[in-house]
Chemist: 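Structure in structure tokens, see below.
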Amino acid sequence: MKVQIQIEKDCVETQVIIVTKALSASIQELASRIEKEPLSVLTGMQNEKYALIKPEEIFRIYADHKKVWVQTKQGLFQIRKTLYQIEELLDEKQFVRISHSEIISLSKIVNFDLSFNGTICVNCIDGSKSYVSRQYVPKIKKILGM
């Protein structure tokens, strides 16, 4: 087996290409593991500079004015991916979509306030608040064991 790694400065998205003579069970398993591997870093832009963002640093990811933003302790970063692309890369045990335009980190939540009429307010450790849209309330209640 030969492994080749190519690093490109302008690369926007990591690609893994497997070239094989025959598709075996071990090759299929390898491809499956690569596809399911949780995201290790995102590349975001802040003040015209690119930065690497680790998933554990993320409070929330949201879309606003046709742009996708990642909120961290270090501030806001613009990401050149759609929310759906990012959601596929994130570990579903750590991140959850709460609306059409927002994904939150479960590790950065202080509490869920269910006192509003049918909606859920999410209070984050940085003091920000987000609201779960009606479509995602059953999913959040399942996560909370309700």
Side-chain angles (χ1 to χ4, degrees), residues 3-19 23 25-146:
V3 175
Q4 180 180 351
I5 298 174
Q6 181 177 337
I7 299 172
E8 294 183 18
K9 214 179 212 185
D10 300 329
C11 182
V12 176
E13 183 176 26
T14 301
Q15 295 179 357
V16 176
I17 300 170
I18 299 172
V19 180
L23 188 59
S26 62
I27 296 294
Q28 286 178 320
E29 181 185 336
L30 175 64
S32 178
R33 282 197 343 236
I34 291 170
E35 281 182 333
K36 293 178 182 176
E37 183 67 26
L39 180 70
S40 59
V41 292
L42 274 174
T43 304
M45 190 168 73
Q46 183 184 55
N47 301 324
E48 298 183 19
K49 293 181 182 176
Y50 286 95
L52 297 177
I53 306 165
K54 296 177 184 172
E56 59 269 14
E57 297 172 340
I58 299 172
F59 288 101
R60 65 190 197 120
I61 305 164
Y62 64 96
D64 186 32
H65 292 88
K66 298 186 180 188
K67 293 182 181 177
V68 177
W69 301 93
V70 173
Q71 183 178 344
T72 71
K73 188 177 182 179
Q74 291 76 32
L76 283 176
F77 294 85
Q78 185 181 349
I79 303 292
R80 289 193 171 165
K81 291 184 182 296
T82 65
L83 273 178
Y84 289 105
Q85 289 171 328
I86 296 169
E87 184 178 29
E88 288 177 6
L89 298 171
L90 295 170
D91 184 353
E92 62 188 27
K93 294 174 187 143
Q94 287 187 300
F95 293 90
V96 64
R97 185 180 280 264
I98 62 167
S99 71
H100 179 70
S101 61
E102 188 169 1
I103 299 168
I104 58 169
S105 170
L106 292 171
S107 66
K108 303 291 192 243
I109 295 172
V110 174
N111 59 40
F112 292 91
D113 186 352
L114 284 77
S115 63
F116 299 103
N117 295 330
T119 59
I120 299 173
C121 177
V122 182
N123 296 302
C124 296
I125 61 174
D126 67 341
S128 65
K129 293 182 183 215
S130 295
Y131 294 89
V132 179
S133 70
R134 285 186 212 155
Q135 177 183 353
Y136 293 90
V137 167
K139 183 178 181 180
I140 297 300
K141 284 187 173 183
K142 183 177 179 184
I143 289 169
L144 296 174
M146 299 173 71

Chemist: Could you give the distance from CG (Leu106) to NZ (Lys108), rounded to the nearest 0.5 Å?
Modeler: 11.0 Å
Chemist: If I take atom CG from residue Asn111 and atom SG from residue Cys121, how far apart are they, to the nearest 0.5 angstrom?
Modeler: 8.0 Å
Chemist: Is there a donor-acceptor pair under 3.5 Å between the side chain of Glu88 and the backbone N or O of Gln85?
Modeler: no
Chemist: Nearest 0.5 angstrom please: Ile120 CD1 to Ser133 OG, how far?
Modeler: 10.0 Å
Chemist: Kindly list each side-chain donor-acceptor pair under 3.5 angstrom involving residues 139-146, sequence neighbours excluded, with atom names and distances?
Modeler:
none

Chemist: Looking at Tyr50, does the NZ or CZ of Arg80 lie under 6.0 angstrom from its six-membered ring centre and within 45 degrees of the ring axis?
Modeler: no
Chemist: Taking all non-hydrogen atoms of both residues into account, name the closest pair between Ile79 and Gly44 and its distance.
Modeler: CD1-CA, 3.6 Å
Chemist: Within a strict 4.5 Å, meaning less than it, do heavy atoms of the Trp69 and Asp64 side chains meet?
Modeler: yes
Chemist: Answer with yes or no whether the side chains of Ser130 and Glu102 bring together a donor and an acceptor at under 3.5 Å.
Modeler: yes
Chemist: Is the CD atom of Gln78 crowded by more than 12 outside heavy atoms at less than 6.0 Å?
Modeler: yes
Chemist: Answer yes or no: is there a side-chain heavy-atom contact under 4.5 Å between Ile125 and Phe59?
Modeler: yes
Chemist: In Å, rounded to the nearest 0.5 Å, how long is the span from NZ of Lys66 to OG1 of Thr82?
Modeler: 14.5 Å
Chemist: Quick one: does Asp91's side chain have a donor or acceptor within less than 3.5 Å of a partner on Lys93's backbone?
Modeler: yes
Chemist: Can you list the residues that meet the salt bridge (charged side-chain N to carboxylate O under 4.0 Å, His left out) rule with Lys81, with sequence neighbours excluded?
Modeler: Glu13
Chemist: Evaluate the criterion side-chain contact (heavy atoms from CB on, under 4.5 Å) for residue pair Val70 and Leu76; output intermediate values, then yes/no.
Modeler: CA-CA 6 Å; Val70 173; Leu76 283 176; over 6 Å; no
Chemist: Hey, does Ile109 have a side-chain heavy atom less than 4.5 Å from the side chain of Asn123?
Modeler: no
Chemist: Answer yes or no: is there a side-chain heavy-atom contact under 4.5 Å between Ile61 and Leu90?
Modeler: yes
Chemist: Can you give me the closest heavy-atom contact between Ala51 and Phe77, atom names plus distance?
Modeler: CB-CE2, 3.7 Å
Chemist: Name all residues meeting the side-chain contact (heavy atoms from CB on, under 4.5 Å) criterion together with Leu52; count only those two or more places apart in sequence or in a different chain, and write none if there are none.
Modeler: Val41, Thr43
Chemist: Salt bridge check: are Glu87 and Arg97 linked by an N-O gap of less than 4.0 Å?
Modeler: yes
Chemist: Any non-hydrogen side-chain atom of Ile103 less than 4.5 Å from a side-chain atom of Val96?
Modeler: no
Chemist: What verdict does the side-chain contact (heavy atoms from CB on, under 4.5 Å) test give for Val122 and Val110, after you've listed the backbone C-alpha separation in whole Å, the side-chain angles of each residue and the deciding distance to 0.1 Å?
Modeler: CA-CA 8 Å; Val122 182; Val110 174; over 6 Å; no
Chemist: Got Lys67 and Tyr62 here, is their nearest side-chain heavy-atom distance under 4.5 Å?
Modeler: no
Chemist: Atom OH in Tyr131, atom OG in Ser99: separation rounded to 0.5 Å?
Modeler: 13.0 Å
Chemist: Taking the side chain as every heavy atom from C-beta outward, state whether Gln71 and Ser128 have any atom pair closer than 4.5 Å.
Modeler: yes
